[in-house]
Amino acid sequence: MPDSAIPPTARPPADVALSFSGLSVGYGDRTILRDIDMVVRPGQVVAIMGGSGSGKTTLLRAAVGQLAPQKGTVQAFGQDLSRLSGDAVFTVRKRMGVLFQQGALFTDLDVYENVAFPLREHTDWPESKIRETVLAKLQAVGLKAAAFLRTSEISGGMARRVALARAVVLDPELILYDEPFAGLDPISLGVTAQLIRTMTDQLGCASVLITHDVQESFAIADQVYLLGKGSVVAAGSPASLSASQDPYVRQFLDGAPDGPVAFEYPETPAYLDWLARQQAGKQ
Ligand SMILES: Nc1ncnc2c1ncn2[C@@H]1O[C@H](COP(=O)(O)OP(=O)(O)OP(=O)(O)O)[C@@H](O)[C@H]1O
């Protein structure tokens, strides 16, 4: 029986949901992040933080197998993604839920059908089981009564919660969240953060958040990795990072405008080429 046909509850639990080992990733010849070591275990909420352009999305792309390592390995549930065939990567991805920044609900479907969509695509469950599952997931995000609203009738914060219900409808073992707090009001921020923690605890899955939001992620994370200078500059529990005197960590946590975190976008080979051409043209 293919692995994808085994219900999540019947699979042996993986000891490690996601790991990066000696990982370097980038685009073409350019390396964005190097020497990344990270382990995410079931039941953990892990926050990957860093300033704009520090490589958070790049790391997320590597985690889902969209970007191949330049060096080192990415393992999901103990399987090295770069050694798997396309079909096998697809099977591994089915064990992951990914919540993209914009949530991207289908606007021609109502809330209920948006959440039911992955079940209709990936299972042959009877309608009664689909209904039970969809309503349970909507209840978990506090939106059961909104099931039959159109997406145009719900707010941005509600849309984010519907997208979360959809991301967990197949009971993933690993959920990856891309900027889950971006653009939320203070109440929705707290609600979303608590939901991520509760979902992780209830499903026993692992959650990885890509975020800049220090307060909300520190409130729920077990482990935090801070990216900077093309690698991991600090890693540890929220308490240990809060106590850190490292200037880079302090500047990031305190939101200080001056310090070792560069505001300026680094010079890239493409920019240096352009500059050289400009200068040659002037002579
Ligand atoms: N498809 C791409 N091709 C080439 N370079 C890219 C590509 N995507 C991102 N980059 C570069 O990789 C670096 C890291 O970008 P990335 O999007 O991973 O950062 P980030 O930490 O997610 O930033 P933000 O918080 O602003 O979204 C940047 O220098 C960016 O210009």
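Atoms within each ligand, like the ligands themselves, are counted from 1 in listed order. Residues take their numbers from the sequence shown, with the count starting at 1. Bear in mind the structure is a predicted one, so any value in this text is a computation, not a measurement.
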**Between Thr211 and Tyr177: side-chain donor-acceptor atoms closer than 3.5 Å** = no
**Message:** Give the atom numbers and elements of ligand 1 that come within less than 4.0 Å of a heavy atom of Arg30.
**Reply:** 29 (O)
**Prompt:** Going by the atom numbers of ligand 1, which of them fall below 4.0 Å from some non-hydrogen atom of Ser52?
**Reply:** 23 (O), 24 (P), 25 (O), 26 (O)
**Item:** Basic-acidic side-chain contact under 4.0 Å: Glu173, Lys94
**Value:** no
**Asked** Which bit of Thr58 gets closer than 4.0 Å to ligand 1, counting heavy atoms only: side chain, backbone, both or neither?
**Response** both
**Message:** So, regarding Gly53 and ligand 1 (criterion: nitrogen or oxygen to nitrogen or oxygen, under 3.5 Å), is there a contact or not?
**Reply:** yes
**Prompt:** Does at least one non-hydrogen atom of Ser54 fall below 4.0 angstrom from an atom of ligand 1?
**Reply:** yes
**Asked** Among the heavy atoms of Gly28, does any lie under 4.0 Å from an atom of ligand 1?
**Response** no
**Asked** Is it true that Lys129 and Asp124 have a side-chain N and a carboxylate O under 4.0 angstrom from each other?
**Response** no
**Prompt:** Should the pair Asp178-Arg61 be classified as a salt bridge under the 4.0 Å nitrogen-to-oxygen rule?
**Reply:** no
**Request:** Check the surroundings of atom CZ in Phe106: do more than 12 heavy atoms from other residues, nucleotides or ligands lie under 6.0 Å from it?
**Result:** yes
**Item:** Same apolar cluster: Leu59 and Tyr27, side chain cutoff 4.5 Å
**Value:** yes
**Item:** Residue His212 vicinity, atoms of ligand 1 by number, heavy atom under 4.0 Å
**Value:** 25 (O)
**Prompt:** Are any of the side-chain heavy atoms of Leu135 and Tyr112 separated by less than 4.5 Å?
**Reply:** yes
**Asked** Relative to the heavy atoms of Arg61, which atoms of ligand 1 are at a distance of less than 4.0 Å?
**Response** 8 (N)
**Request:** Using a strict cut-off of 4.0 Å, indicate which atoms of ligand 1 neighbour a heavy atom of Gly51.
**Result:** 21 (O)
